[in-house]
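Heads up, the thing below is written out as structure tokens.
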Amino acid sequence: MQTRNVICATGAAARPRLPEWAAGMTVPGVVLHSSQYLYPKQIPAGDVLIVGGGNSGVQLARELSASHTVTLSVRTRRQHRPAMSYPAAAGERVSLFSRERRPEPVFGESYEQLRRAGVTIAPGVETSTGSVVAFADGTQASPGR
């Protein structure tokens, strides 16, 4: 996978957080947090890696897929819920039986719908060195190369 741009959809917009590995990335395009994103033309032409498979990442992937080649890096897959079920189903949940925390579901489009729209779904990013990104499954990518 090659990409010129990286968008980190990690952390709430009120408290944006870029992963430590993102600070040292060298890509020919931009590296930004989803809270800095305004519209598709803000992102230079080329491929885009979106890191974060929650609601912001899914929405950005769908919007950018019309004008860019998009890869969405997803560490924790989330259940899909129709947009009309929000806000009743919003928020983190705790399983009644196992007491395990479940992440907030994805509203609107599912990962499968994104895949059908041409978005590549990749595992979570573990590290980056310069321009090389290493995914959780051991594969690597060189954004912008």
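Basis for what follows: all heavy atoms, side chains included, without hydrogens, waters or symmetry-related copies. The model shown is predicted, which means the values in this text are computed figures rather than measured ones.
A side chain to side chain contact (heavy atoms under 4.5 Å, CB included) with L72 is found for one member of V48, I121, V51, L49 and no other, namely I121.
With rounding to the nearest 0.5 Å, the separation of CD in Q59 from OH in Y37 is 10.5 Å. The distance from atom CZ of R115 to atom OG1 of T120, rounded to the nearest 0.5 Å, is 9.0 Å. One finds the CZ atom of R62 at 12.0 Å from the CD1 atom of I50 (value rounded to the nearest 0.5 Å). Atom CD of E109 sits about 11.5 Å away from atom CG of N55, to the nearest 0.5 Å. Summarising the geometry, atom NE2 belonging to H33 is positioned 7.5 Å from atom OG belonging to S56; distances are rounded to the nearest 0.5 Å.
Using a 4.5 Å heavy-atom cutoff, the side chains of S131 and M25 are not in contact. A heavy-atom distance below 4.5 Å is found between the side chains of R75 and E126. By the 4.5 Å heavy-atom criterion applied to side chains, Q140 and V133 are not counted as neighbours. Side-chain contact between I43 and V30 is present, with heavy atoms from C-beta onward closer than 4.5 Å. For the pair L32/Q42, a side-chain contact is recorded, criterion being any heavy-atom separation below 4.5 Å from C-beta on. The shortest side-chain heavy-atom distance between T71 and V119 does not fall under the 4.5 Å cut-off. Side-chain contact between S34 and L60 is present, with at least one heavy-atom pair separated by less than 4.5 Å.
Residues V58 and G53 come closest through the heavy atom pair CG2-O, 3.7 Å.
Distance alone, capped at 3.5 Å, is enough to place a donor-acceptor pair between the S73 side chain and the P123 backbone. Side-chain atoms of H68 come within 3.5 Å of backbone atoms of P44 as a donor-acceptor pair (strictly under, hydrogens ignored). A donor-acceptor contact shorter than 3.5 Å is absent between the side chain of T129 and the backbone of V132.
Within a 6.0 Å radius of CD in E112, other residues, nucleotides and ligands contribute more than 12 heavy atoms.
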